[in-house]
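Below is one structure, written out as structure tokens, with a few remarks after it.
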Protein chains: 2
Amino acid sequence: MSRLSQTWNQHVVKKENKALVLKTIQGKAPISRAAIANVTGLNKGTVSSLVSELIDEKLIHESGTGKSSGGRRPVMLLLNETAGFTISVDLGVKSILGVLTDLRGNILSEKKIRFKKKDFDDVLTLLYQLIDELKNDAPESEYGIVGIGIGVPGVVTTEGEILLAPNLGWKKVPLQQILFDHYHVPVTVENEANAGAYGEKVYGVGQMSNELVYASISIGIGVGLILEGKLYKGLRGFSGELGHMTIEKDGANCRCGNKGCWELYASEQALLDQAQINGFDDATVEKLIEAADQGDTKAIQLLENVGDYLGVGITNIIHIFNPEQVVVGNTLRQAEKYIMPAIEKRIEKNAIGFNKNDVVLNVAKLKKHSTVMGIAAFNIEKFFEETGRETVLT
Amino acid sequence: MSRLSQTWNQHVVKKENKALVLKTIQGKAPISRAAIANVTGLNKGTVSSLVSELIDEKLIHESGTGKSSGGRRPVMLLLNETAGFTISVDLGVKSILGVLTDLRGNILSEKKIRFKKKDFDDVLTLLYQLIDELKNDAPESEYGIVGIGIGVPGVVTTEGEILLAPNLGWKKVPLQQILFDHYHVPVTVENEANAGAYGEKVYGVGQMSNELVYASISIGIGVGLILEGKLYKGLRGFSGELGHMTIEKDGANCRCGNKGCWELYASEQALLDQAQINGFDDATVEKLIEAADQGDTKAIQLLENVGDYLGVGITNIIHIFNPEQVVVGNTLRQAEKYIMPAIEKRIEKNAIGFNKNDVVLNVAKLKKHSTVMGIAAFNIEKFFEETGRETVLT
DNA sequence: AAAGTTTGTCTAGTGAATAAACAAAGATCA
DNA sequence: TGATCTTTGTTTATTCACTAGACAAACTTT
């Protein structure tokens, strides 16, 4: 017979409590042992012994004494953020953006490589190059590079295989495996919108929200779902294909085979296509915003029109999930001045009261870093989980 | 400072393991102590002691010996399903359906009351009457009525307040509180589609699925979401308002304030409205099905048309959630012969391959009992959780 | 009849948490 | 200034739940 589910014993208890202490330090540093005991409800002695293990493992360290509140001065504890580093990459359609972060998510180094040739082998060469450069920038540390992660504009399985990246022309690329074989450190490969959602949740505008929907509006539309504080991925990791939600039954044909897909009306591509029709040659999002800033009514109208269509889809999102926040990110975020009011107007007009009252609409706070920071958060989380699992002997 | 999260100690371990043993018995009865130890991974001694506590609490009992497999014959354990009973009710727009179930979800008694006057006070009187009758049908037992639950066609908060039930004309009814004050047993009030989803998950067609979407197609459309094996309710319990998902931008006006809502095209109401226009006077779903069965091409076309529109929304669902199963329930389920092929055709035509290949489309197995059985499952689960919490002294 | 198997209980031991005592270090106040 | 009170962090004794392994009971196989 096979094992049904986890059994609960003292090992699990210790692991969970240790993780809880670490998380508390992560979130509230600098903090004393006594304060941790208070916050978590654990006994002072228990906290002391767990803290001393964490110090032995170099994951945290003491940092002098704090202010007394009428008695002995507390010894403050800090996360040892330079115990290891992550390499976190946003693999886009035209460029690769990579950062080296410490264990608190501080960016220590940043590289960007633009590319034109999209064949996988060419891009992989550039990716190796970028990762190697970032690796060289990492200071000496206890744990070194603890994880490498890549955000990808495509459909990614829970095993880190890219099934399809339409705007790169890739199919069935087992990227996670390829990178693991090359670097021999934990590798995460995740959809770009999922990563963006997590980035905004952990480091961005969504830190207080447990129900958050992140809409990544770029050439296409992808959506990342944070439900009950965690990333929701569906059965095999393909949730969030809301770009291919029908908002016009039997509307225009989409290359996905469906008709009337949201992204046909509300994406960067849709905007640029409309711009073309309206006489803007070689239009880009940046150029259109500039035109709008200078009072070009046609440009303003084009942007507002995309905003309106975005509002239709976001209203659906609000009805489906009853979220606390909807966050708009990726390239079209730059046009926030024009699209956000249009989105809000549509929501105001169409969304059901109960759901509407709960929700806040925001622009991605991390801007172009939403995805890389989400990837960094995955890397960091995975590292802390794994060090918790096997009690590191010293 | 306030408590951040749960701390892990031996009490929690014991509670969880006891729940695990109980769940194993619930799922695999009759089963021996030795087999439980095998399946769960717990030590034989641990299982023995937990089992003996559960027997003391009358939640399970021994039931003679089983077949030997080459050694001492095992003592089989069964859930003591008659240790308590639940009263589970589906409060519809035209009738109240209530059942008395035991702790395994077996229906012991069933009552239905039709009503015309929809004022809350009138319906409440009937509800009391129905509950009292079911209560009288319950045999003597250790724990008596362990819970009363109601499925409601409307927006329900996590606190069991009905904010709005449009087809009943109710607003802001704190039904959970009202029933608790009257009966002094645990009360659950939940949206009808959420309950239906859970019913199909626990007792119906979804027993093997952890990612399941249940579409309740009746006068309106409601959707219940089972994500990662649990009911997903959103921030305040209002998720699943997919009936008001736009599938035609700037389409027909919906009373909800939105335009082009799915339920304007794919609900029982939509079907009946179209029937009226096409010369079917006083049409009902049943009459239309009968007409279709007798070869009425107009009736067949009407049903297939609704099926097609259902397919549009269900395709969206598949793209949004990447579920394992989509289950169609409530009144329109009766027309399965005509609508299911139409839905499947639309999915086949429009859904993205990856998501389409993962998903199975089904009709609710529990038929008109989906909602009551979901409510029963809530009641039973809540009871087992609570008895686990405080160690019952004997 | 002897040997081997399976079930279920019992006993000793382990490990993690808790409570409470205690030491260290500072604040407060007469 | 010195006595007392507070707060912090460690240490010690105790408790509790699980595990391993021994053991008895009951059954099958040879």
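Predicted, not measured: the structure shown is a model, and the values here were computed from it. Chain A is the first sequence line, chain B the second, and so forth, proteins listed ahead of strands; every chain is numbered from 1.
A salt bridge links B:Lys18 with B:Glu53: the closest approach of a Lys/Arg side-chain nitrogen to an acidic carboxylate oxygen falls below 4.0 angstrom.
The CD1-P distance, from A:Ile55 to D:dT10, rounds to 8 Å in whole Å. For B:Glu16 and D:dC18, the CD to C1' distance is 15 Å, given to the nearest whole Å. Atom CE of B:Met76 and atom P of C:dT6 are 15 Å apart (whole Å). One atom, CD1 of A:Ile36, and another, P of D:dT7, lie 18 Å apart when rounded to the nearest Å. When rounded to the nearest whole Å, the span between CD of B:Gln10 and C1' of D:dT14 equals 11 Å. Counting to the nearest Å, the C1' atom of C:dT7 and the CD atom of B:Glu62 are 12 Å from each other. Atom pair A:Asn17:CG and C:dT18:P shows a separation of 7 Å (rounding to whole Å applied). We find that CG of B:Leu42 is positioned 15 Å from P of C:dG8, with the value rounded to whole Å.
Residues B:Thr86 and B:Thr101 bring a donor and an acceptor atom of their side chains to less than 3.5 Å of each other. Side chains of A:Ser209 and A:Lys201: a donor-acceptor N/O pair is absent below 3.5 angstrom, by distance only. Residues B:Glu381 and B:Tyr198 bring a donor and an acceptor atom of their side chains to less than 3.5 Å of each other. In this model, no donor atom of one side chain and acceptor atom of the other lie less than 3.5 Å apart for A:Thr24 and A:Thr40.
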What does the B/S/- profile of nucleotides 23-30 of chain D look like, 5' to 3', with a 4.0 Å heavy-atom cutoff to protein? -BBBBS--
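Taking only side-chain atoms of A:His11, from C-beta outward, the nucleotide of C:dT7, D:dA17, C:dA16 with the closest atom is C:dA16. Checking D:dC18, C:dA17, D:dG9 against the side-chain heavy atoms of A:Ala34 singles out D:dG9 as nearest. Distance from the side chain of B:Asn43 is smallest to D:dA20 among C:dA16, D:dC18, D:dA20.
Within the nucleic acid shown, B:Val75 comes within 4.0 Å of sugar-phosphate atoms alone, with no base atom in reach, counting heavy atoms only. Backbone-only engagement by B:Ser32 is indicated by non-hydrogen atom pairs under 4.0 Å involving sugar-phosphate atoms exclusively.
Taking the six-membered ring where the residue is Trp, the centroids of B:Phe383 and B:Phe85 are separated by 6.0 Å or more.
Between B:Tyr203 and B:Lys365, every side-chain heavy-atom pair lies at or beyond the 4.5 Å cut-off.
Contact annotation: B:Arg33 does not reach the phosphate of C:dT6 (side-chain N/O to OP1 or OP2, under 4.0 Å). The side chain of B:Ser48 places no N or O atom within less than 4.0 Å of a non-bridging phosphate oxygen (OP1 or OP2) of C:dG8.
Annotation: of the two residues near DNA chain C, A:Gly45 and B:Gly45, the 5′-most nearest-nucleotide partner is B:Gly45.
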